[in-house]
Visitor: 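Here it is: the structure, laid out below.
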Amino acid sequence: VTNRPDKAVTAYERAVAILGPQDSGLQLDLAEALVLTDDPAVQGRAQEIIESALKADPSNGKALWYSAVMAMRAGDTQSARANFEKLLEQNPPPEIRQIVVEQLAGLGVQVPAAQGAGMPATSGGMGAGMGPGMGGTSTAGDAAMASGRTLRIAVSLDPSLASKMKPGTPLFVAARQPGIPGPPLAAVRISSDELPATVVLSDTNSMIEGRNLSSVDDVEVIARVAFGGTAVPAAGDLVGTVTSAKDGPGDVAIVIDRVAP
C-alpha cells in the first residue's frame, strides 16, 4: 500500500515460509510484488511462480495478466497476445474487456466488437445523450449487477477545461489501490459526451480474483479523458482524482480539473 514492493516481497516470503508453498494465491501475491520491484534479478523467479500457477490453472486471471505484462516487457509480443486473448475468452465484464482489448490493440491486434463491450449500459433518460454544460446526467455501469463494496461516482468537468474537449472522446473511470501499479481494481469506459455522469463501480467489476474494491482500504478513483483513445495515460489527457476510504460514504464526486503533464 505504501508503494514499497521490496518490503512486500520480504513479508510474502515470510508468509510462504510459514504457510508453505501450496498456497497458490499467496505465491501469486509474491510474484506480483516481485514484478512490481522492477528488479531484473528477481524477474526470473516471478516468471517461475506465474508459469507454475498457469500450469495448475490455465485460466487463472491474475497469472495470465502478469504473464502477459512480463512478456510485453521482454518484447515477446506473441506470448503477451496469447495471454491477453485467454483473458478475453473468460468473458470478463464489458469494462474489463475493454482494458484487455486496448492492450491487444497496442500489440496490433484488432478484436471484433462484442455486444455491450467497451460501452457499459447507460440510463438516465434524456440526459444520457447530453454533452458538457448541457445540464444532463447519465449513469454508467450496471447498478443492478453491483455487489460488495460499491461506489457511485459523480463525474463532472471543470468549465475552464470545456474548450479542450473533443466530441466522442473516451473517458475512463478507474479505481486503484493508492501507490500500487498494475491493473485497476475496477474500471468503466464511457464517452465524454455523457458528462456530467454518475459511474457505478463495485466488486462485480473486478478483473483479478481476490483483487477488488473490498480487498483494500483506501481507493483512489481516477477520471481521465483519453485523447489517445486508449487505457494508457498520456500527456495532455484531462484528469480528476478523489480518494475514498473503505468506511466512508459510497457516493463520491470527481471534478476533471487538470491537464496531465
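Positions are given from 1, in the same order as the sequence printed here.
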Visitor: Above 12 or not: heavy atoms from other molecules or residues under 6.0 Å from CD of Gln22?
Guide: yes
Visitor: Which heavy atom in Ala71 sits nearest to a heavy atom in Ser79, and how many Å separate them?
Guide: CB-CB, 3.9 Å
Visitor: Just jot down the side chain to side chain contact (heavy atoms under 4.5 Å, CB included) partners of Ser244, sequence neighbours excluded, or say none.
Guide: Arg149, Leu151, Val252
Visitor: Does some side-chain heavy atom of Thr241 sit less than 4.5 Å from a side-chain heavy atom of Glu220?
Guide: yes
Visitor: Check whether any side-chain N or O of Gln43 sits under 3.5 Å from a backbone N or O of Leu34 as a donor-acceptor pair, and report yes or no.
Guide: yes
Visitor: Under 4.5 Å between side-chain heavy atoms, counting indirect links through other Ile/Leu/Val/Met/Phe/Trp/Tyr residues: same cluster for Tyr12 and Val35 or not?
Guide: no
Visitor: Look up atom CD1 in Ile256 and atom CE in Met165, then write down how far apart they are to the nearest 0.5 Å.
Guide: 6.5 Å
Visitor: Is it true that a side-chain atom of Thr77 and a backbone atom of Leu107 form a donor plus acceptor pair closer than 3.5 Å?
Guide: no
Visitor: Report yes or no: do Leu238 and Val173 belong to one cluster of Ile/Leu/Val/Met/Phe/Trp/Tyr joined by side chain heavy-atom distances under 4.5 Å?
Guide: yes
Visitor: Which pair of heavy atoms, one from Leu171 and one from Ser191, lies closest together, and at what distance?
Guide: CB-C, 4.3 Å
Visitor: Of Leu87, Val69, Val100, which is the lone residue that meets side chain to side chain contact (heavy atoms under 4.5 Å, CB included) with Leu64?
Guide: Leu87
Visitor: Say whether Val259 and Leu157 are linked into one hydrophobic cluster, either directly or through other cluster members, by side-chain heavy-atom distances under 4.5 angstrom.
Guide: yes
Visitor: OG of Ser59 to CD of Gln90: how many Å apart, nearest 0.5 Å?
Guide: 5.5 Å
Visitor: So which heavy atom on Ala63 is nearest to which on Ile50, and how close?
Guide: O-CG2, 3.4 Å
Visitor: Would you compute the distance between atom CD of Gln103 and atom CG of Leu88 and round it to the nearest 0.5 angstrom?
Guide: 11.0 Å
Visitor: For the residue pair Thr198 and Val155, establish whether any side-chain heavy-atom pair is separated by less than 4.5 Å.
Guide: no
Visitor: OG of Ser24 to CD of Gln27: how many Å apart, nearest 0.5 Å?
Guide: 8.5 Å
Visitor: For Arg176 and Ile222: C-alpha separation, side-chain torsions, deciding distance, then whether side chain to side chain contact (heavy atoms under 4.5 Å, CB included) applies.
Guide: CA-CA 8 Å; Arg176 296 182 176 276; Ile222 304 167; 4.2 Å; yes
Visitor: Is Glu85 salt-bridged to Arg81, going by a charged N under 4.0 Å from an acidic O?
Guide: yes
Visitor: Given Arg258 and Asp237, is the salt bridge (charged side-chain N to carboxylate O under 4.0 Å, His left out) satisfied, shown in steps?
Guide: CA-CA 8 Å; Arg258 66 184 185 275; Asp237 288 349; over 6 Å; no
Visitor: Can you give me the closest heavy-atom contact between Asn83 and Ser67, atom names plus distance?
Guide: ND2-OG, 3.0 Å
Visitor: So which atom in Leu201 and which in Ala174 form the shortest heavy-atom distance, rounded to 0.1 Å?
Guide: CD1-C, 4.3 Å
Visitor: Kindly compute the distance separating CZ (Phe84) from CG (Leu104), expressed to the nearest 0.5 Å.
Guide: 6.5 Å
Visitor: Give a yes-or-no answer on whether the side chains of Ser214 and Asp203 include a donor-acceptor pair shorter than 3.5 Å.
Guide: yes
Visitor: Are side-chain N/O atoms of Thr37 and Asp6 paired as donor and acceptor at under 3.5 Å?
Guide: no
Visitor: Between Val16 and Asp23, does a side chain to side chain contact (heavy atoms under 4.5 Å, CB included) hold up when you go through it step by step?
Guide: CA-CA 8 Å; Val16 170; Asp23 189 326; over 6 Å; no
Visitor: Do Ile49 and Tyr66 sit in one hydrophobic cluster, given that two such residues count as connected whenever their side-chain heavy atoms are within less than 4.5 Å of each other, even indirectly?
Guide: no
Visitor: State the OG1-CG distance between Thr169 and Asp193, to the nearest 0.5 angstrom.
Guide: 7.5 Å
Visitor: Which pair of heavy atoms, one from Gly240 and one from Asp257, lies closest together, and at what distance?
Guide: CA-OD1, 4.3 Å
Visitor: Hydrophobic clusters here meaning ILVMFWY residues chained together by side-chain heavy-atom distances under 4.5 Å, can you tell me if Leu26 and Leu28 are in one?
Guide: no
Visitor: Going through the distances and angles, do Leu30 and Glu32 end up as a side chain to side chain contact (heavy atoms under 4.5 Å, CB included)?
Guide: CA-CA 5 Å; Leu30 170 59; Glu32 179 180 42; over 6 Å; no
Visitor: Could Asp38 and Arg73 be called an ion pair, given the rule that one side-chain N must be under 4.0 Å from one carboxylate O?
Guide: yes
